[in-house]
Number of protein chains: 2
Amino acid sequence: MSRPMPERLAVFDLFAGLDAAAMDDIAAAAVERRLDAGEMFFLQSERAERFFVLVDGRVRLTQVTPDGQQVVVRFIMPGEGFGLVAVLAGNVYPLSAEAMDPAVGYGWDGPTFKTLMARHPELATRSLSLVAQRVHEFQARNRELSTERVERRIARTLLRLTNQSGTRQSDGVRIDLPLTRQDVAEMTGTTVYTVSRVLAGWHEAGIIDAGRKRIVIRQPHSLVAIAEDLPPAR
Amino acid sequence: MSRPMPERLAVFDLFAGLDAAAMDDIAAAAVERRLDAGEMFFLQSERAERFFVLVDGRVRLTQVTPDGQQVVVRFIMPGEGFGLVAVLAGNVYPLSAEAMDPAVGYGWDGPTFKTLMARHPELATRSLSLVAQRVHEFQARNRELSTERVERRIARTLLRLTNQSGTRQSDGVRIDLPLTRQDVAEMTGTTVYTVSRVLAGWHEAGIIDAGRKRIVIRQPHSLVAIAEDLPPAR
DNA sequence: CGTATTTTTGAAGCGATTCAATGGACGTGG
DNA sequence: CCACGTCCATTGAATCGCTTCAAAAATACG
(Lines give C-alpha, C1' and ligand atoms only; values in the text may rest on other atoms or scores of the structure.)
Protein backbone atom coordinates (compact mmCIF):
# COMPACT_ATOMS: atom_id res chain seq x y z
CA MET A 1 0.00 0.00 0.00
CA SER A 2 2.37 2.68 -1.25
CA ARG A 3 1.96 5.97 -3.10
CA PRO A 4 1.80 5.69 -6.90
CA MET A 5 3.70 7.89 -9.32
CA PRO A 6 1.56 10.66 -10.86
CA GLU A 7 3.20 10.33 -14.29
CA ARG A 8 1.96 6.79 -14.62
CA LEU A 9 -1.63 7.95 -14.31
CA ALA A 10 -1.46 9.99 -17.48
CA VAL A 11 -1.72 6.96 -19.72
CA PHE A 12 -5.10 5.93 -18.33
CA ASP A 13 -8.37 6.63 -20.07
CA LEU A 14 -9.95 7.91 -16.92
CA PHE A 15 -7.36 10.60 -16.43
CA ALA A 16 -6.78 11.67 -20.00
CA GLY A 17 -6.72 15.41 -20.49
CA LEU A 18 -5.99 16.39 -16.91
CA ASP A 19 -3.19 18.80 -16.14
CA ALA A 20 -0.17 18.01 -13.97
CA ALA A 21 -1.53 19.69 -10.87
CA ALA A 22 -4.75 17.75 -11.02
CA MET A 23 -2.83 14.57 -11.61
CA ASP A 24 -0.72 15.15 -8.49
CA ASP A 25 -3.83 15.78 -6.49
CA ILE A 26 -5.47 12.59 -7.72
CA ALA A 27 -2.37 10.46 -7.36
CA ALA A 28 -1.89 11.64 -3.79
CA ALA A 29 -5.26 10.19 -2.91
CA ALA A 30 -4.63 6.79 -4.51
CA VAL A 31 -3.63 3.60 -2.81
CA GLU A 32 -1.54 1.01 -4.58
CA ARG A 33 -2.46 -2.64 -4.27
CA ARG A 34 -0.30 -5.56 -5.41
CA LEU A 35 -1.80 -9.00 -5.82
CA ASP A 36 -0.51 -12.44 -6.74
CA ALA A 37 -2.21 -14.57 -9.35
CA GLY A 38 -5.48 -15.92 -8.01
CA GLU A 39 -5.94 -13.24 -5.35
CA MET A 40 -9.00 -11.02 -5.42
CA PHE A 41 -9.25 -7.24 -5.61
CA PHE A 42 -12.77 -7.57 -4.29
CA LEU A 43 -15.59 -10.08 -3.98
CA GLN A 44 -19.11 -10.00 -5.30
CA SER A 45 -21.64 -8.65 -2.79
CA GLU A 46 -19.06 -6.94 -0.60
CA ARG A 47 -19.83 -3.30 0.02
CA ALA A 48 -18.25 -1.32 -2.82
CA GLU A 49 -15.78 1.00 -1.11
CA ARG A 50 -13.00 1.26 -3.60
CA PHE A 51 -12.50 1.10 -7.34
CA PHE A 52 -9.29 0.39 -9.17
CA VAL A 53 -7.36 1.24 -12.28
CA LEU A 54 -5.20 -1.62 -13.41
CA VAL A 55 -1.54 -0.79 -13.88
CA ASP A 56 -0.11 -4.19 -14.56
CA GLY A 57 -1.35 -7.73 -15.01
CA ARG A 58 -4.78 -8.95 -16.05
CA VAL A 59 -8.01 -9.20 -14.12
CA ARG A 60 -11.00 -11.44 -14.66
CA LEU A 61 -14.42 -10.12 -13.67
CA THR A 62 -16.90 -12.85 -12.83
CA GLN A 63 -20.40 -12.96 -11.50
CA VAL A 64 -22.19 -15.80 -9.77
CA THR A 65 -25.92 -16.02 -10.40
CA PRO A 66 -28.39 -16.64 -7.56
CA ASP A 67 -28.63 -20.29 -8.61
CA GLY A 68 -24.89 -20.78 -8.60
CA GLN A 69 -23.95 -20.47 -12.25
CA GLN A 70 -20.86 -18.50 -13.02
CA VAL A 71 -20.62 -15.86 -15.75
CA VAL A 72 -17.44 -14.21 -16.99
CA VAL A 73 -18.37 -10.57 -17.42
CA ARG A 74 -15.15 -9.32 -18.98
CA PHE A 75 -11.40 -9.11 -18.72
CA ILE A 76 -9.52 -6.03 -17.63
CA MET A 77 -6.24 -5.04 -19.24
CA PRO A 78 -3.73 -2.45 -17.96
CA GLY A 79 -5.13 1.08 -18.21
CA GLU A 80 -8.72 0.05 -17.66
CA GLY A 81 -10.73 0.64 -14.53
CA PHE A 82 -13.02 -1.71 -12.66
CA GLY A 83 -15.46 -1.34 -9.79
CA LEU A 84 -16.10 2.31 -10.64
CA VAL A 85 -19.78 1.85 -11.36
CA ALA A 86 -20.50 0.05 -8.10
CA VAL A 87 -18.61 2.63 -6.06
CA LEU A 88 -20.37 5.57 -7.70
CA ALA A 89 -23.77 3.94 -7.34
CA GLY A 90 -22.98 3.24 -3.68
CA ASN A 91 -23.92 -0.41 -3.95
CA VAL A 92 -22.21 -3.68 -3.31
CA TYR A 93 -19.88 -5.03 -5.96
CA PRO A 94 -22.00 -6.90 -8.51
CA LEU A 95 -19.07 -9.10 -9.45
CA SER A 96 -15.72 -10.42 -8.25
CA ALA A 97 -12.35 -9.23 -9.55
CA GLU A 98 -9.58 -11.80 -9.64
CA ALA A 99 -5.96 -11.24 -10.61
CA MET A 100 -5.03 -13.68 -13.36
CA ASP A 101 -1.34 -12.82 -13.04
CA PRO A 102 0.59 -10.88 -10.45
CA ALA A 103 -1.26 -7.58 -10.77
CA VAL A 104 -0.92 -3.99 -9.64
CA GLY A 105 -3.82 -1.58 -9.27
CA TYR A 106 -4.38 1.92 -7.95
CA GLY A 107 -7.50 2.38 -5.86
CA TRP A 108 -9.70 5.25 -4.70
CA ASP A 109 -12.66 5.15 -2.36
CA GLY A 110 -16.00 6.78 -3.15
CA PRO A 111 -15.93 9.88 -0.93
CA THR A 112 -12.38 10.63 -1.97
CA PHE A 113 -13.23 10.34 -5.63
CA LYS A 114 -16.29 12.54 -5.28
CA THR A 115 -14.16 15.22 -3.68
CA LEU A 116 -11.70 14.91 -6.52
CA MET A 117 -14.47 15.25 -9.10
CA ALA A 118 -15.75 18.41 -7.45
CA ARG A 119 -12.24 19.87 -7.60
CA HIS A 120 -11.62 18.71 -11.18
CA PRO A 121 -14.78 18.85 -13.31
CA GLU A 122 -12.89 17.30 -16.21
CA LEU A 123 -12.60 14.13 -14.15
CA ALA A 124 -16.37 13.91 -13.80
CA THR A 125 -16.83 14.29 -17.54
CA ARG A 126 -14.28 11.58 -18.26
CA SER A 127 -15.90 9.26 -15.75
CA LEU A 128 -19.25 9.78 -17.36
CA SER A 129 -17.94 9.00 -20.82
CA LEU A 130 -16.31 5.85 -19.58
CA VAL A 131 -19.38 4.64 -17.76
CA ALA A 132 -21.52 5.59 -20.76
CA GLN A 133 -19.27 3.49 -22.93
CA ARG A 134 -19.77 0.61 -20.56
CA VAL A 135 -23.51 0.97 -20.97
CA HIS A 136 -23.08 0.71 -24.72
CA GLU A 137 -21.07 -2.44 -24.44
CA PHE A 138 -23.63 -4.12 -22.24
CA GLN A 139 -26.46 -3.00 -24.44
CA ALA A 140 -24.75 -4.45 -27.49
CA ARG A 141 -24.12 -7.66 -25.66
CA ASN A 142 -27.73 -7.76 -24.55
CA ARG A 143 -28.92 -7.49 -28.09
CA GLU A 144 -26.55 -10.26 -29.09
CA LEU A 145 -27.71 -12.57 -26.38
CA SER A 146 -31.37 -12.08 -27.12
CA THR A 147 -31.27 -12.32 -30.88
CA GLU A 148 -28.24 -14.29 -31.96
CA ARG A 149 -27.34 -17.93 -32.06
CA VAL A 150 -24.49 -19.43 -30.17
CA GLU A 151 -22.04 -19.74 -33.05
CA ARG A 152 -22.33 -16.06 -33.80
CA ARG A 153 -21.96 -15.05 -30.19
CA ILE A 154 -18.80 -17.09 -29.88
CA ALA A 155 -17.42 -15.55 -33.08
CA ARG A 156 -18.12 -12.07 -31.75
CA THR A 157 -16.58 -12.85 -28.41
CA LEU A 158 -13.38 -14.13 -29.97
CA LEU A 159 -13.13 -11.04 -32.16
CA ARG A 160 -13.67 -8.80 -29.17
CA LEU A 161 -10.95 -10.62 -27.24
CA THR A 162 -8.68 -10.32 -30.22
CA ASN A 163 -9.08 -6.56 -30.23
CA GLN A 164 -8.55 -6.41 -26.51
CA SER A 165 -5.48 -8.56 -26.22
CA GLY A 166 -4.45 -10.10 -29.50
CA THR A 167 -0.88 -10.36 -30.74
CA ARG A 168 0.14 -10.99 -34.33
CA GLN A 169 1.92 -14.22 -35.07
CA SER A 170 3.20 -15.76 -38.26
CA ASP A 171 0.09 -17.90 -38.57
CA GLY A 172 -2.55 -15.46 -37.37
CA VAL A 173 -3.57 -13.52 -34.30
CA ARG A 174 -3.22 -15.11 -30.93
CA ILE A 175 -5.51 -14.30 -28.02
CA ASP A 176 -3.19 -13.53 -25.12
CA LEU A 177 -5.37 -14.82 -22.35
CA PRO A 178 -5.29 -18.28 -20.81
CA LEU A 179 -8.86 -18.95 -21.88
CA THR A 180 -10.48 -22.28 -21.15
CA ARG A 181 -13.49 -23.48 -23.11
CA GLN A 182 -15.34 -22.98 -19.85
CA ASP A 183 -14.39 -19.29 -19.84
CA VAL A 184 -15.63 -18.83 -23.37
CA ALA A 185 -18.84 -20.65 -22.48
CA GLU A 186 -19.38 -18.34 -19.50
CA MET A 187 -18.84 -15.29 -21.67
CA THR A 188 -21.25 -16.37 -24.36
CA GLY A 189 -23.96 -17.92 -22.25
CA THR A 190 -23.55 -21.47 -23.43
CA THR A 191 -21.88 -24.70 -22.33
CA VAL A 192 -18.35 -26.09 -22.50
CA TYR A 193 -19.56 -28.81 -24.82
CA THR A 194 -21.03 -26.48 -27.37
CA VAL A 195 -17.94 -24.28 -27.35
CA SER A 196 -15.78 -27.31 -27.90
CA ARG A 197 -17.91 -28.45 -30.83
CA VAL A 198 -17.99 -25.03 -32.45
CA LEU A 199 -14.26 -24.51 -32.10
CA ALA A 200 -13.63 -28.00 -33.44
CA GLY A 201 -15.72 -27.11 -36.48
CA TRP A 202 -13.80 -23.90 -37.07
CA HIS A 203 -10.51 -25.71 -36.65
CA GLU A 204 -11.69 -28.22 -39.22
CA ALA A 205 -12.38 -25.32 -41.60
CA GLY A 206 -8.95 -23.82 -40.96
CA ILE A 207 -10.40 -20.67 -39.42
CA ILE A 208 -8.73 -21.07 -36.06
CA ASP A 209 -6.05 -23.06 -34.36
CA ALA A 210 -6.90 -24.09 -30.83
CA GLY A 211 -5.26 -25.95 -28.02
CA ARG A 212 -5.39 -26.12 -24.30
CA LYS A 213 -6.07 -22.56 -23.09
CA ARG A 214 -4.89 -21.26 -26.42
CA ILE A 215 -6.76 -19.87 -29.41
CA VAL A 216 -5.19 -18.48 -32.57
CA ILE A 217 -7.32 -16.83 -35.22
CA ARG A 218 -5.97 -17.80 -38.62
CA GLN A 219 -8.70 -16.27 -40.77
CA PRO A 220 -10.17 -13.26 -38.99
CA HIS A 221 -12.29 -12.40 -42.04
CA SER A 222 -14.01 -15.78 -41.87
CA LEU A 223 -14.81 -15.16 -38.25
CA VAL A 224 -16.18 -11.74 -39.09
CA ALA A 225 -18.32 -13.35 -41.77
CA ILE A 226 -19.77 -15.69 -39.17
CA ALA A 227 -20.26 -12.89 -36.66
CA GLU A 228 -22.06 -10.76 -39.21
CA ASP A 229 -23.84 -13.72 -40.76
CA LEU A 230 -22.48 -13.14 -44.25
CA PRO A 231 -22.31 -15.93 -46.80
CA PRO A 232 -19.10 -17.82 -45.88
CA ALA A 233 -17.56 -17.94 -49.37
CA ARG A 234 -16.85 -14.78 -51.31
CA MET B 1 -40.44 24.66 -27.71
CA SER B 2 -41.20 26.76 -24.64
CA ARG B 3 -39.43 27.34 -21.35
CA PRO B 4 -40.19 24.78 -18.61
CA MET B 5 -41.01 25.66 -15.03
CA PRO B 6 -38.07 25.17 -12.66
CA GLU B 7 -40.26 23.77 -9.85
CA ARG B 8 -41.24 20.85 -12.00
CA LEU B 9 -37.64 19.76 -12.33
CA ALA B 10 -37.26 19.10 -8.65
CA VAL B 11 -39.13 15.83 -8.76
CA PHE B 12 -36.72 14.25 -11.20
CA ASP B 13 -34.03 11.82 -10.13
CA LEU B 14 -31.44 13.63 -12.12
CA PHE B 15 -31.95 16.91 -10.33
CA ALA B 16 -32.56 15.69 -6.82
CA GLY B 17 -30.62 17.60 -4.20
CA LEU B 18 -29.96 20.72 -6.23
CA ASP B 19 -30.73 24.12 -4.76
CA ALA B 20 -33.18 26.61 -6.28
CA ALA B 21 -30.53 28.71 -7.96
CA ALA B 22 -29.03 25.73 -9.71
CA MET B 23 -32.47 24.57 -10.73
CA ASP B 24 -33.25 27.92 -12.32
CA ASP B 25 -29.99 27.80 -14.18
CA ILE B 26 -30.65 24.31 -15.49
CA ALA B 27 -34.27 24.98 -16.37
CA ALA B 28 -33.30 28.07 -18.32
CA ALA B 29 -31.18 25.93 -20.60
CA ALA B 30 -33.88 23.34 -21.23
CA VAL B 31 -36.11 23.04 -24.24
CA GLU B 32 -39.60 21.63 -23.99
CA ARG B 33 -40.83 19.20 -26.59
CA ARG B 34 -44.43 17.99 -26.97
CA LEU B 35 -45.18 14.90 -29.04
CA ASP B 36 -48.30 13.07 -30.09
CA ALA B 37 -48.64 9.34 -29.72
CA GLY B 38 -46.50 7.57 -32.26
CA GLU B 39 -44.09 10.46 -32.82
CA MET B 40 -40.40 10.02 -32.12
CA PHE B 41 -38.15 11.95 -29.77
CA PHE B 42 -35.24 10.63 -31.77
CA LEU B 43 -34.30 7.81 -34.10
CA GLN B 44 -31.67 5.14 -33.81
CA SER B 45 -28.36 6.05 -35.50
CA GLU B 46 -29.07 9.79 -35.61
CA ARG B 47 -26.30 11.84 -34.09
CA ALA B 48 -27.06 12.16 -30.38
CA GLU B 49 -27.40 15.88 -29.76
CA ARG B 50 -30.02 16.08 -27.09
CA PHE B 51 -31.24 13.99 -24.18
CA PHE B 52 -34.59 14.26 -22.48
CA VAL B 53 -36.29 13.93 -19.16
CA LEU B 54 -39.87 12.76 -19.51
CA VAL B 55 -42.46 14.99 -17.86
CA ASP B 56 -45.63 13.39 -19.04
CA GLY B 57 -46.69 10.39 -21.08
CA ARG B 58 -44.82 7.19 -21.75
CA VAL B 59 -41.95 6.40 -24.08
CA ARG B 60 -40.89 3.13 -25.64
CA LEU B 61 -37.19 2.61 -26.36
CA THR B 62 -36.53 0.16 -29.17
CA GLN B 63 -33.51 -1.03 -31.03
CA VAL B 64 -33.29 -2.64 -34.43
CA THR B 65 -30.53 -5.19 -34.90
CA PRO B 66 -28.33 -5.21 -38.01
CA ASP B 67 -30.35 -8.10 -39.40
CA GLY B 68 -33.65 -6.35 -38.89
CA GLN B 69 -34.97 -7.81 -35.67
CA GLN B 70 -36.51 -5.41 -33.22
CA VAL B 71 -35.79 -5.39 -29.51
CA VAL B 72 -37.69 -3.42 -26.87
CA VAL B 73 -35.00 -2.07 -24.58
CA ARG B 74 -37.20 -0.50 -21.93
CA PHE B 75 -40.08 1.83 -21.20
CA ILE B 76 -39.66 5.31 -19.80
CA MET B 77 -42.09 6.72 -17.26
CA PRO B 78 -42.41 10.38 -16.18
CA GLY B 79 -39.39 11.52 -14.18
CA GLU B 80 -36.96 9.27 -16.00
CA GLY B 81 -34.36 10.39 -18.50
CA PHE B 82 -33.44 8.88 -21.85
CA GLY B 83 -30.71 9.49 -24.37
CA LEU B 84 -28.33 10.74 -21.68
CA VAL B 85 -25.75 8.05 -22.21
CA ALA B 86 -25.52 8.57 -25.96
CA VAL B 87 -25.22 12.33 -25.59
CA LEU B 88 -22.48 12.10 -22.97
CA ALA B 89 -20.56 9.52 -24.94
CA GLY B 90 -20.89 11.73 -28.01
CA ASN B 91 -22.19 8.92 -30.17
CA VAL B 92 -25.25 8.33 -32.26
CA TYR B 93 -28.41 7.23 -30.49
CA PRO B 94 -28.23 3.44 -30.10
CA LEU B 95 -32.02 3.22 -30.05
CA SER B 96 -35.22 4.98 -31.03
CA ALA B 97 -37.54 6.74 -28.57
CA GLU B 98 -41.22 6.72 -29.44
CA ALA B 99 -44.02 8.47 -27.56
CA MET B 100 -46.68 5.89 -26.70
CA ASP B 101 -49.13 8.62 -25.63
CA PRO B 102 -49.07 12.36 -26.07
CA ALA B 103 -45.81 13.06 -24.26
CA VAL B 104 -43.88 16.02 -22.90
CA GLY B 105 -40.13 16.05 -22.39
CA TYR B 106 -37.46 18.57 -21.44
CA GLY B 107 -34.28 18.39 -23.45
CA TRP B 108 -30.67 19.53 -23.14
CA ASP B 109 -27.87 19.24 -25.64
CA GLY B 110 -24.43 17.89 -24.79
CA PRO B 111 -22.32 21.06 -24.62
CA THR B 112 -24.99 22.84 -22.61
CA PHE B 113 -25.20 20.00 -20.15
CA LYS B 114 -21.44 19.80 -19.77
CA THR B 115 -21.35 23.49 -18.95
CA LEU B 116 -24.09 22.96 -16.41
CA MET B 117 -22.17 20.10 -14.82
CA ALA B 118 -19.07 22.22 -14.48
CA ARG B 119 -21.13 24.91 -12.72
CA HIS B 120 -22.98 22.42 -10.51
CA PRO B 121 -20.77 19.50 -9.47
CA GLU B 122 -23.73 17.91 -7.73
CA LEU B 123 -25.31 17.45 -11.16
CA ALA B 124 -22.31 15.48 -12.38
CA THR B 125 -22.48 13.19 -9.37
CA ARG B 126 -26.18 12.57 -9.88
CA SER B 127 -25.67 11.85 -13.56
CA LEU B 128 -22.98 9.35 -12.72
CA SER B 129 -25.18 7.54 -10.23
CA LEU B 130 -28.00 7.33 -12.74
CA VAL B 131 -25.81 6.05 -15.51
CA ALA B 132 -24.18 3.64 -13.09
CA GLN B 133 -27.60 2.34 -12.18
CA ARG B 134 -28.31 1.82 -15.85
CA VAL B 135 -25.16 -0.26 -16.12
CA HIS B 136 -26.41 -2.43 -13.28
CA GLU B 137 -29.73 -3.00 -14.97
CA PHE B 138 -28.14 -4.05 -18.20
CA GLN B 139 -25.70 -6.26 -16.42
CA ALA B 140 -28.51 -8.00 -14.58
CA ARG B 141 -30.41 -8.43 -17.78
CA ASN B 142 -27.33 -9.83 -19.44
CA ARG B 143 -26.98 -12.44 -16.81
CA GLU B 144 -30.64 -13.32 -17.17
CA LEU B 145 -30.44 -13.67 -20.90
CA SER B 146 -27.37 -15.85 -20.79
CA THR B 147 -28.32 -18.19 -17.99
CA GLU B 148 -32.09 -18.31 -17.65
CA ARG B 149 -34.87 -20.00 -19.51
CA VAL B 150 -37.62 -18.18 -21.26
CA GLU B 151 -40.31 -18.72 -18.64
CA ARG B 152 -38.15 -17.18 -15.97
CA ARG B 153 -37.19 -14.24 -18.13
CA ILE B 154 -40.81 -13.49 -18.85
CA ALA B 155 -41.68 -13.73 -15.16
CA ARG B 156 -38.92 -11.31 -14.29
CA THR B 157 -39.93 -8.93 -17.02
CA LEU B 158 -43.53 -8.83 -15.86
CA LEU B 159 -42.42 -8.21 -12.28
CA ARG B 160 -40.15 -5.42 -13.39
CA LEU B 161 -42.95 -3.83 -15.38
CA THR B 162 -45.23 -4.19 -12.39
CA ASN B 163 -42.79 -2.23 -10.25
CA GLN B 164 -42.39 0.37 -12.92
CA SER B 165 -46.01 0.99 -13.74
CA GLY B 166 -48.37 -1.28 -11.85
CA THR B 167 -51.63 -0.18 -10.27
CA ARG B 168 -53.49 -2.12 -7.62
CA GLN B 169 -56.90 -3.47 -8.53
CA SER B 170 -59.41 -5.59 -6.68
CA ASP B 171 -58.16 -8.71 -8.41
CA GLY B 172 -54.44 -8.03 -8.49
CA VAL B 173 -51.92 -5.64 -9.94
CA ARG B 174 -52.42 -4.34 -13.44
CA ILE B 175 -49.56 -3.43 -15.75
CA ASP B 176 -50.42 0.02 -17.04
CA LEU B 177 -48.85 -0.29 -20.44
CA PRO B 178 -50.55 -1.34 -23.66
CA LEU B 179 -48.27 -4.35 -24.02
CA THR B 180 -48.68 -6.74 -26.90
CA ARG B 181 -47.31 -10.27 -26.73
CA GLN B 182 -44.93 -9.07 -29.38
CA ASP B 183 -43.61 -6.37 -27.02
CA VAL B 184 -43.03 -8.89 -24.27
CA ALA B 185 -41.30 -11.18 -26.73
CA GLU B 186 -38.99 -8.37 -27.80
CA MET B 187 -38.14 -7.57 -24.21
CA THR B 188 -37.34 -11.14 -23.27
CA GLY B 189 -35.62 -12.29 -26.43
CA THR B 190 -38.16 -14.85 -27.50
CA THR B 191 -41.11 -15.15 -29.91
CA VAL B 192 -44.77 -14.10 -29.81
CA TYR B 193 -45.77 -17.74 -29.86
CA THR B 194 -43.77 -18.71 -26.84
CA VAL B 195 -45.01 -15.70 -24.87
CA SER B 196 -48.57 -16.59 -25.73
CA ARG B 197 -48.09 -20.17 -24.61
CA VAL B 198 -46.40 -19.21 -21.36
CA LEU B 199 -49.04 -16.63 -20.48
CA ALA B 200 -51.78 -19.11 -21.35
CA GLY B 201 -50.20 -21.56 -18.91
CA TRP B 202 -50.07 -18.97 -16.15
CA HIS B 203 -53.63 -17.96 -16.81
CA GLU B 204 -54.61 -21.61 -16.54
CA ALA B 205 -52.89 -21.72 -13.15
CA GLY B 206 -54.67 -18.56 -12.01
CA ILE B 207 -51.45 -16.61 -11.67
CA ILE B 208 -52.35 -13.93 -14.18
CA ASP B 209 -55.30 -12.60 -16.07
CA ALA B 210 -54.53 -11.56 -19.61
CA GLY B 211 -56.30 -10.08 -22.56
CA ARG B 212 -55.52 -8.07 -25.61
CA LYS B 213 -52.77 -5.63 -24.59
CA ARG B 214 -53.66 -6.20 -20.97
CA ILE B 215 -51.95 -8.17 -18.22
CA VAL B 216 -53.05 -8.38 -14.59
CA ILE B 217 -50.93 -10.18 -12.03
CA ARG B 218 -53.23 -12.02 -9.64
CA GLN B 219 -50.61 -13.92 -7.67
CA PRO B 220 -47.39 -11.92 -7.62
CA HIS B 221 -45.81 -14.40 -5.19
CA SER B 222 -46.28 -17.23 -7.70
CA LEU B 223 -44.56 -15.15 -10.32
CA VAL B 224 -41.71 -14.42 -7.95
CA ALA B 225 -41.45 -18.12 -7.27
CA ILE B 226 -41.07 -18.76 -10.99
CA ALA B 227 -38.60 -15.89 -11.41
CA GLU B 228 -36.48 -17.19 -8.54
CA ASP B 229 -37.02 -20.79 -9.46
CA LEU B 230 -38.45 -21.77 -6.12
CA PRO B 231 -40.64 -24.83 -5.72
CA PRO B 232 -44.10 -23.61 -6.86
CA ALA B 233 -46.07 -24.89 -3.87
CA ARG B 234 -45.23 -23.77 -0.34
C1' DC C 1 -70.49 -4.98 -39.81
C1' DG C 2 -66.35 -5.62 -42.08
C1' DT C 3 -61.51 -5.24 -41.63
C1' DA C 4 -57.20 -5.09 -39.37
C1' DT C 5 -54.65 -6.28 -35.54
C1' DT C 6 -53.60 -9.29 -31.93
C1' DT C 7 -53.66 -13.76 -29.93
C1' DT C 8 -53.94 -18.65 -29.86
C1' DT C 9 -52.95 -23.36 -31.23
C1' DG C 10 -50.99 -27.44 -33.65
C1' DA C 11 -47.34 -29.85 -35.66
C1' DA C 12 -42.69 -30.32 -37.34
C1' DG C 13 -37.91 -29.53 -36.82
C1' DC C 14 -33.65 -28.08 -35.04
C1' DG C 15 -30.22 -26.05 -32.25
C1' DA C 16 -28.36 -26.52 -28.04
C1' DT C 17 -28.11 -28.87 -23.55
C1' DT C 18 -27.23 -32.70 -20.75
C1' DC C 19 -24.94 -36.75 -19.17
C1' DA C 20 -21.48 -40.01 -19.39
C1' DA C 21 -17.28 -41.44 -20.76
C1' DT C 22 -12.88 -41.06 -23.14
C1' DG C 23 -8.85 -38.78 -24.63
C1' DG C 24 -5.09 -35.48 -24.37
C1' DA C 25 -2.01 -31.92 -22.20
C1' DC C 26 0.52 -30.23 -18.48
C1' DG C 27 3.08 -30.05 -14.15
C1' DT C 28 5.11 -32.35 -10.32
C1' DG C 29 7.73 -35.52 -7.74
C1' DG C 30 10.26 -39.46 -7.59
C1' DC D 1 13.22 -38.30 -17.66
C1' DC D 2 9.51 -41.03 -16.95
C1' DA D 3 5.13 -41.84 -14.40
C1' DC D 4 1.45 -40.22 -12.27
C1' DG D 5 -2.42 -37.21 -11.13
C1' DT D 6 -5.06 -33.36 -12.36
C1' DC D 7 -7.13 -30.37 -15.15
C1' DC D 8 -8.95 -29.48 -19.63
C1' DA D 9 -10.98 -30.80 -24.01
C1' DT D 10 -13.56 -33.85 -26.95
C1' DT D 11 -17.22 -36.84 -28.61
C1' DG D 12 -21.60 -39.56 -28.97
C1' DA D 13 -26.29 -40.24 -28.00
C1' DA D 14 -30.56 -38.92 -26.02
C1' DT D 15 -33.56 -35.30 -24.95
C1' DC D 16 -35.81 -31.01 -24.64
C1' DG D 17 -36.94 -26.23 -24.96
C1' DC D 18 -37.85 -23.20 -28.13
C1' DT D 19 -38.60 -21.64 -32.79
C1' DT D 20 -40.83 -21.74 -37.10
C1' DC D 21 -44.58 -21.90 -40.23
C1' DA D 22 -49.36 -22.13 -41.18
C1' DA D 23 -53.85 -21.26 -40.04
C1' DA D 24 -57.72 -20.13 -37.26
C1' DA D 25 -59.90 -17.62 -33.49
C1' DA D 26 -60.67 -13.56 -30.76
C1' DT D 27 -60.79 -8.74 -30.09
C1' DA D 28 -60.86 -3.92 -31.19
C1' DC D 29 -62.11 -0.17 -34.18
C1' DG D 30 -63.87 2.82 -37.81
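The model shown is predicted, which means the values in this text are computed figures rather than measured ones. The chains referred to below are lettered A, B, ... by the order of the sequence lines, with proteins before strands, and numbering in each begins at 1.
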Distance, rounded to the nearest Å, where [X] contributes [atom1] and [N] contributes [atom2]:
X	N	atom1	atom2	answer
A/Arg149	C/dA16	CZ	P	6 Å
B/Asp183	C/dT5	CG	P	15 Å
A/Asp209	C/dA25	CG	P	13 Å
B/Arg214	C/dT7	CZ	C1'	13 Å
B/Lys213	C/dT5	NZ	P	10 Å

Subject >> Pairwise distance OH(A/Tyr93) to CZ(A/Phe51) - rounded to 0.5 angstrom >> reply: 10.0 Å
Original post:
Under the 3.5 Å rule, do the base of C/dT18 and the side chain of A/Arg197 count as making a donor-acceptor pair?
Top reply: yes
**OP:** Would you mind classifying the nucleic acid contact of A/Arg181 as base, sugar-phosphate or nothing, using non-hydrogen atoms under 4.0 angstrom?
**Re:** sugar-phosphate
Subject >> Toward the 5' end of DNA chain C, by each residue's nearest nucleotide, B/Arg212 or B/Ala200 >> reply: B/Arg212
**OP:** Mind running a 4.0 Å heavy-atom check of residues 186-196 of chain B against DNA chain D and sending the residues that fall below it, in number order?
**Re:** B/Gly189, B/Thr190, B/Thr191, B/Tyr193, B/Thr194
Original post:
Going 5' to 3' on DNA chain D, which nucleotide is the first and which the last to come under 4.0 Å of a heavy atom in chain A?
Top reply: D/dC7 to D/dT20
Original post:
Does B/Arg152 come within less than 4.0 Å of B/Glu228, counting only side-chain N to carboxylate O?
Top reply: no
Subject >> B/Arg156 bridged to B/Glu151 by N-O distance under 4.0 Å >> reply: no
**OP:** Measure across A/Gln44 and A/Ser96 and return the closest heavy-atom pair with its distance rounded to 0.1 Å.
**Re:** N-OG, 2.8 Å
**OP:** Assess whether salt bridge (Lys or Arg N to Asp or Glu O under 4.0 Å) is satisfied between B/Glu49 and B/Arg47, documenting all intermediate values.
**Re:** CA-CA 6 Å; B/Glu49 332 200 274; B/Arg47 200 162 58 78; 2.6 Å; yes
**OP:** Can you run down the salt bridge (Lys or Arg N to Asp or Glu O under 4.0 Å) pairs that involve residues 84-94 of chain A, sequence neighbours left out, and say none if there aren't any?
**Re:** none
**OP:** Using the six-membered ring wherever Trp is involved, compare the ring planes of B/Phe12 and B/Tyr106 and label them parallel, tilted or perpendicular (cut-offs 30° and 60°).
**Re:** perpendicular
Original post:
What's the verdict on side chain to side chain donor-acceptor pair (under 3.5 Å) for A/Thr167 and A/Asp176, showing C-alpha distance, side-chain angles and the deciding distance?
Top reply: CA-CA 7 Å; A/Thr167 52; A/Asp176 258 335; 3.2 Å; yes
Subject >> Backbone N/O of A/Val73 and side chain of A/Arg141: donor-acceptor pair under 3.5 Å >> reply: yes
